[in-house]
Amino acid sequence: MLSALRVFHTNQVVVVSAGHVQQRCVSTQTDGEARIVNILKEKFPSAASLKVVDISGGCGAMYEIHIESSEFKGKRTIQQHKLVNEALKEEIQGMHGLRIFTDVPKH
């Protein structure tokens, strides 16, 4: 019998088979999520927090982005979102939708 446990905080899968335990590292991030993260890290290098989630079930049609950066300081929410949209201009062409949540670090 084969069973698997996913440990999300460490991105590891523990496979138990015939009494033997085996751990393997896996990536839980889709290619689209990784691509968007890389673009945003480059555009907002001082981002204190960045999270990108494919909310379309993995097909890349819709993403949710949470980004906290000091580069948003003094800007209204609409201006912050415009900066994110500009950074992702090419990727947005192939998306159905995008949800953006921006903030300025509290400290």
Side-chain angles (χ1 to χ4, degrees):
M1 178 163 178
L2 184 67
S3 62
L5 281 173
R6 183 173 300 269
V7 183
F8 289 103
H9 68 278
T10 60
N11 287 338
Q12 290 185 344
V13 172
V14 178
V15 179
V16 180
S17 176
H20 300 287
V21 177
Q22 186 179 40
Q23 290 187 345
R24 293 181 291 194
C25 290
V26 296
S27 173
T28 58
Q29 194 174 49
T30 68
D31 290 341
E33 290 168 341
R35 187 175 56 253
I36 291 170
V37 164
N38 288 336
I39 291 167
L40 293 175
K41 279 183 179 179
E42 186 176 311
K43 177 67 178 178
F44 303 100
S46 66
S49 174
L50 174 59
K51 180 180 174 185
V52 177
V53 180
D54 182 341
I55 56 174
S56 63
C59 71
M62 189 162 180
Y63 291 91
E64 182 171 295
I65 296 171
H66 295 261
I67 183 167
E68 186 176 293
S69 177
S70 58
E71 292 156 276
F72 298 140
K73 190 173 184 169
K75 293 178 176 57
R76 296 183 320 209
T77 302
I78 190 98
Q79 294 168 315
Q80 296 171 9
H81 289 201
K82 186 175 180 180
L83 289 172
V84 174
N85 278 316
E86 288 172 0
L88 298 174
K89 186 177 180 178
E90 296 297 319
E91 284 68 29
I92 288 173
Q93 300 302 314
M95 292 181 196
H96 173 71
L98 180 64
R99 295 194 323 203
I100 302 171
F101 299 89
T102 56
D103 205 356
V104 177
K106 302 296 184 242
H107 43 39

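For reference, positions follow the sequence shown, starting with 1.
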Reported [atom1]-to-[atom2] distance for the pair [X] and [Y], which is rounded to 0.5 angstrom:
X	Y	atom1	atom2	result
Phe101	Ile67	CZ	CD1	13.5 Å
Asn85	Leu98	CG	CG	6.0 Å
Glu91	Ile36	CD	CD1	6.5 Å
Lys82	Arg76	NZ	CZ	10.5 Å
Gln93	Met95	CD	CE	10.0 Å
Thr102	Ile65	OG1	CD1	10.5 Å

Minimum-distance pair of heavy atoms, taken over all atoms of [X] and [Y]:
X	Y	answer
Pro105	Ser69	CD-C, 3.4 Å
Pro45	Glu42	CD-O, 3.6 Å
Gln29	Val37	NE2-CG2, 3.6 Å
Ala87	Lys43	CB-CG, 3.6 Å
Val104	Glu68	C-CG, 3.8 Å

Exercise. With under 30° as parallel and over 60° as perpendicular, where do the rings of Phe44 and Phe72 fit, or are they tilted in between?
Worked result: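 Correct class here is tilted.
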Do the non-hydrogen side-chain atoms of [X] and [Y] ever get within less than 4.5 Å of each other?
X	Y	value
Leu88	Leu40	yes
Glu71	Ser46	yes
Leu83	Gln80	no

Problem set entry | Apart from Ile55 itself, residues in the same hydrophobic cluster as defined by side-chain heavy atoms under 4.5 Å |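 Hydrophobic cluster check, Ile55: joined to Val53, Met62.
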For this session: Count the heavy atoms belonging to other residues, nucleotides or ligands that lie under 6.0 Å from CD of Glu90, then report whether that count exceeds 12.
Result: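 Not more than 12 within 6.0 Å, no.
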For this session: Look at atom CG of Asp31 and say whether more than 12 heavy atoms of other residues, nucleotides or ligands are closer to it than 6.0 Å.
Result: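 Atom CG in Asp31 is not crowded, with 12 or fewer foreign heavy atoms closer than 6.0 Å.
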Exercise. Sub-3.5 Å donor-acceptor pair from the side chain of Glu64 to the main-chain atoms of Arg99, do we have one?
Worked result: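 No; judged by distance alone, with no hydrogens or angles, the pair does not exist.
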